[in-house]
Amino acid sequence: MHKPIMVKEISSFLNKGKELSILDCTFGGGGHTISFLDLGHRVTAIDEDLNAQEIAKDIRKQFNKFNFFKMNFKDLEQIEENYLKNKYDFILLDLGFSSNQLEDAQIGISFKADSKLNMNYLNSDFTAYDIVNNYPEEELSRVFADYGEIKQSLKLAKFIVRTRQDKSINTNFELIEVLRGSGVNFRSKKIHFATQAFQALRIECNKELENLNIFLEKVYSHLNKDGILAIISFHSLEDRIVKNYFRSNSFKKDKFKNQSNWGFEILTKRPITPNQIEVKDNPRSRSSKLRVGRFIN
Ligand SMILES: C[S@@+](CC[C@H](N)C(=O)[O-])C[C@H]1O[C@@H](n2cnc3c(N)ncnc32)[C@H](O)[C@@H]1O
């Protein structure tokens with residue numbers, strides 16, 4: 001069961017005493033959506049995941065101010081909701097995958113279970129298997145360098161290409177053995193040595209950063225005046241993109257940094273992180289960072 005992160009912190013940015021139209025771009029297990037509906041707000045939610053769609057059907061039975069669309073958040077302009085004209089008072093992006101997806105052996109995000117090499121949690125058939133077994137050496141090296149920040153990415157890519165000539169790499173545990181045999185120094189004293197390589201493959205096959213960048217280019221045109229954009233990220237690559245987005249589109253001292261007629265008043269100078277009680281109760285929350293801006297135009 002997925003536990004929603006920083007619910008209290010997020011709701012502190014909701015305008016009290018007014019019904020808001022909220023877009024939850026990453027519905028997941030519906031935790032944040034339910035917290036908004038319980039406060040009486042109207043929620044439109046999207047997610048690519050089929051299980052999320054099933055959970056949404058149940059929520060729809062209990063709340064009538066709720067709508068769900070199975071789609072990618074990078075296509076948010078395609079939400080077919082005439083009532084709100086696709087403009088919202090509050091937009092939430094809680095990036096990455098849910099605990100439900102992490103525990104799903106068919107998806108196989110975790111290196112702790114021996115799953116078929118997949119890692120795609122967005123219901124697409126582009127998988128880690130395709131990357132590991134079919135990408136040319138330079139592309140593999142780019143993925144490990146850019147998304148796993150692995151220093152010896154070329155050495156790793158060369159080893160994988162050599163290994164797969166004899167036999168394809170089919171499962172998570174086979175991949176772990178290849179990583180172990182590669183002789184690459186993963187410099188991972190505090191984490192499992194496969195963490196960065198798994199992260200890199202997951203980011204690539206779900207197009208995590210590409211989707212985020214496309215979303216950010218468009219999101220401002222879906223916010224009402226004074227609307228709030230709240231984004232929770234889980235790794236430094238995502239957080240850097242979000243931080244730079246808010247900075248380069250900031251509104252400060254009556255000036256729009258991007259030279260346009262819109263921007264964001266940054267409401268979180270430093271990102272908000274979960275408190276110790278939450279981290280203890282939900283260890284998955286420990287790497288999360290929340291950044292929030294108010295849309296000005
Ligand atoms: C961290 S979970 C969200 C959990 C949710 N806030 C809750 O309280 O249950 C992230 C969700 O976003 C979805 N997701 C990730 N990237 C997506 C994308 N580009 N388009 C649509 N959904 C996406 C995943 O399928 C997953 O269900």
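Sequence positions, counted from 1, serve as the residue numbers for this chain. As the structure lists them, so they are numbered: ligands from 1, and atoms in each ligand from 1.
At least one N or O atom of Phe73, backbone or side chain, sits closer than 3.5 Å to an N or O atom of ligand 1. For Phe97, no nitrogen or oxygen atom sits less than 3.5 Å from a nitrogen or oxygen atom of ligand 1, counting backbone and side chain alike. Checking only distances, Leu95 never comes within under 3.5 Å of ligand 1, N or O to N or O. Of the polar atoms of Lys74, none of the N or O atoms is found under 3.5 Å from an N or O of ligand 1, judged by distance alone. By the 3.5 Å distance cut-off applied to N or O atoms, Ser98 is not counted among the residues near ligand 1. Remark: ligand 1 and Asp94 share an N or O pair separated by less than 3.5 Å (distance only, no angle test). Considering backbone and side-chain atoms alike, Asp24 places every N or O at 3.5 Å or more from each N or O of ligand 1. Between Leu122 and ligand 1, no pair of N/O atoms sits closer than 3.5 Å.
Side-chain N or O atoms of Asn282 include none that pairs as donor or acceptor with a backbone N or O of Glu278 at under 3.5 Å.
Among protein heavy atoms, atom 15 (C) of ligand 1 sits closest to Gly96 O, 3.3 Å. Scanning all protein heavy atoms for the shortest distance to atom 19 (N) of ligand 1 gives Asn72 OD1, 2.9 Å. Nearest non-hydrogen protein atom to atom 22 (N) of ligand 1 is Glu48 N, 3.4 Å. Remark: minimum distance from atom 9 (O) of ligand 1 to any protein heavy atom is reached at Gly29 N, 2.9 Å.
Gln106 and Tyr121 are not linked by any side-chain donor-acceptor pair at a separation below 3.5 angstrom, with hydrogens and angles left out of the test. Between the side chains of Asp89 and Asn224, a donor-acceptor pair is found at a separation under 3.5 Å. Thr44 and Asn67 are not linked by any side-chain donor-acceptor pair at a separation below 3.5 angstrom, with hydrogens and angles left out of the test. With hydrogens and angles left out, the side-chain atoms of Tyr147 and Gln196 include no donor and acceptor closer than 3.5 Å. In the model, Gln101 has no side-chain atom that pairs as donor or acceptor with a side-chain atom of His2 under 3.5 Å. Of the N and O atoms on the side chains of Thr127 and Asp130, at least one donor lies less than 3.5 Å from an acceptor on the other residue.
A salt bridge (Lys or Arg N to Asp or Glu O under 4.0 Å) with Glu174 holds for exactly one of Lys167, Arg164, Arg180, Lys116; it is Lys167. In summary, of the residues considered (Tyr245, Tyr220, Phe251), a ring-ring contact (aromatic ring centres under 6.0 Å, His included) with Phe264 occurs for Tyr245 alone.
Only the backbone of Met71 comes within 4.0 Å of ligand 1, counting heavy atoms alone; no side-chain atom from C-beta on gets that close. Of all the heavy atoms of Pro4, the ones lying under 4.0 Å from any atom of ligand 1 are found in both the backbone and the side chain. The backbone and the side chain of His32 each have at least one atom closer than 4.0 Å to an atom of ligand 1 (non-hydrogen atoms only). Contacts with ligand 1 closer than 4.0 Å are made by heavy atoms of both the backbone and the side chain of Asp47.
For Lys207, the closest heavy-atom approach to ligand 1 does not fall below 4.0 Å.
Taken to the nearest 0.5 Å, the NZ atom of Lys243 stands 10.5 Å off from the OG atom of Ser233. Taking CD of Glu238 as the reference point, atom CZ of Arg240 lies at 11.5 Å (rounded to 0.5 Å).
Proximity to Gln101 (heavy-atom distance under 4.0 Å) selects the following atoms of ligand 1: 24 (C), 25 (O), 26 (C), 27 (O). Interface of Gly30 with ligand 1, defined as ligand atoms under 4.0 Å from a residue heavy atom, comprises 7 (C), 9 (O). When each atom of ligand 1 is checked for a heavy atom of Gly31 under 4.0 Å away, the hits are 7 (C), 8 (O), 9 (O). Interface of Phe27 with ligand 1, defined as ligand atoms under 4.0 Å from a residue heavy atom, comprises 5 (C), 7 (C), 9 (O). Taking every heavy atom of Asn211 and a limit of under 4.0 angstrom, the matching atoms of ligand 1 come to 19 (N). Annotation for ligand 1: atoms under 4.0 Å from non-hydrogen atoms of Tyr121 are 15 (C). Every atom of ligand 1 with a heavy atom of Asp49 under 4.0 Å away is listed here by number and element: 25 (O).
A salt bridge does not link Lys74 with Glu48: none of the charged nitrogens is closer than 4.0 Å to a carboxylate oxygen.
You'll find the side chain of Ser11 reaches within 4.5 Å of the side chain of Leu39, heavy atoms only. Between Ile10 and Ile232, the closest side-chain pair of non-hydrogen atoms falls below 4.5 Å.
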